[in-house]
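Quick notes on the structure that follows.
This is a predicted model, so every value here is computed, not measured.
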Amino acid sequence: MGMKMLVRRAAQYIRKNVRRLTVRENLMRLTASLCTLIWFCAVAHSLAAQQDGARAPSDTIRYREVGGSWLNAYLFRPEVRRQGDRYDTVLLFHGGGWDTGAPEWTFPAARRFAEWGMVAIAVEYQLSGNNVTPIEAFEDVCKAIGWAHKHAVEYGLTGRLAGYGVSAGAQLVAATATVGCPLGENEEESSELDALLLWSPALDMRRDQWFTRMLQGRATASEYSPAENVRRTTPPTSIVIGAEDTLTPFSGSRLYCDRLIAFGGICELNIYEGVGHLLTRNLANQESAFDPDPRAKADGVEQHRRFLKEVGFALLLRR
């Protein structure tokens, strides 16, 4: 990621949060957001410093034009390839409360999936603010899935797709498989996924006041709540979440799983005791200064790898 993009992301964060927090006059929120900004800058600096050493995306794809600007997707391929090979694919959607974040936040996970023998695509979507809501982000996610299906042959994909989402990104990708994507001009464009991998997901939106404000009165939270819209065709789902998560409580994940299993579907819930959002050990502040528990994180990653194999995805043998 270039320095211009780092500056743009940081400026975008400041512009949105300072405007919002001035209106709210909420000192606690301001303190938490400043901590988040410091964390973001540290991550950005680390990414920039490691750019030469860490494997960069093999392709940057412009998958959707919105208002004269393009949304990008960043493609990571397995390092060991044979000519003519085609690969199962995972699309990754970052968190950030719908109004912050960047696809670069999922690059470490994308590299991990590529090491497992998959093509991994980290997707940019519109962030909420001004006239943009999670509805537009949801439509972006639908378009990204449709793009992957449409261009499968061109990019050496099998057409077998998994969706990986973190926090707010998990809500967006899970909504495509529950609420369902709107039909566009090309009604043959598929938005189907074969599996969902959700990390600290926001799934029960009914009482989520933050999400409700983000919608700006254009829809009810229930309309975009994956837990309330689970259906028989919802794909197999694996969830990783902390038992002490106060931002996306595991009760929403349990409700989602219970409803999917009642339909005869597959859903596994991996709950980790003593940790909160994003498996942080810092339970006092789960909005920033994340301190993921290494053991819980490693086990969560392993549960997702095992789950992919069990539902039929082709992965490289572990070394």
(message) Show the nearest heavy-atom pair for residues T280 and A289, with the distance to one decimal.
(response) OG1-O, 4.4 Å
(request) Measure across R206 and S222 and return the closest heavy-atom pair with its distance rounded to 0.1 Å. (result) CG-OG, 3.7 Å
Quick check: do [X] and [Y] have side-chain heavy atoms less than 4.5 Å from each other?
X    : Y    : answer
F313 : D194 : yes
T89  : R160 : no
S200 : V240 : no
L197 : F307 : yes

Over 60° means perpendicular and under 30° means parallel, so tell me whether [X] and [Y] are parallel, tilted or perpendicular.
X    : Y    : answer
W105 : H94  : perpendicular
W199 : Y164 : tilted
Y224 : F138 : perpendicular
F107 : F76  : perpendicular

(request) Output yes when a side-chain donor or acceptor of S167 lies under 3.5 Å from a complementary backbone atom of G95, and no otherwise. (result) no
Can we say [X] and [Y] salt-bridge, meaning some charged N sits less than 4.0 Å from an Asp/Glu carboxylate O?
X    : Y    : value
E115 : R112 : no
E136 : R218 : yes
R306 : E310 : yes

(request) State the CG-CD1 distance between N72 and I61, to the nearest 0.5 angstrom. (result) 9.0 Å
(message) Show me the pairs that pass disulfide bond (SG atoms under 2.5 Å apart) and involve residues 219-269, at least two apart or across chains.
(response) C257-C267
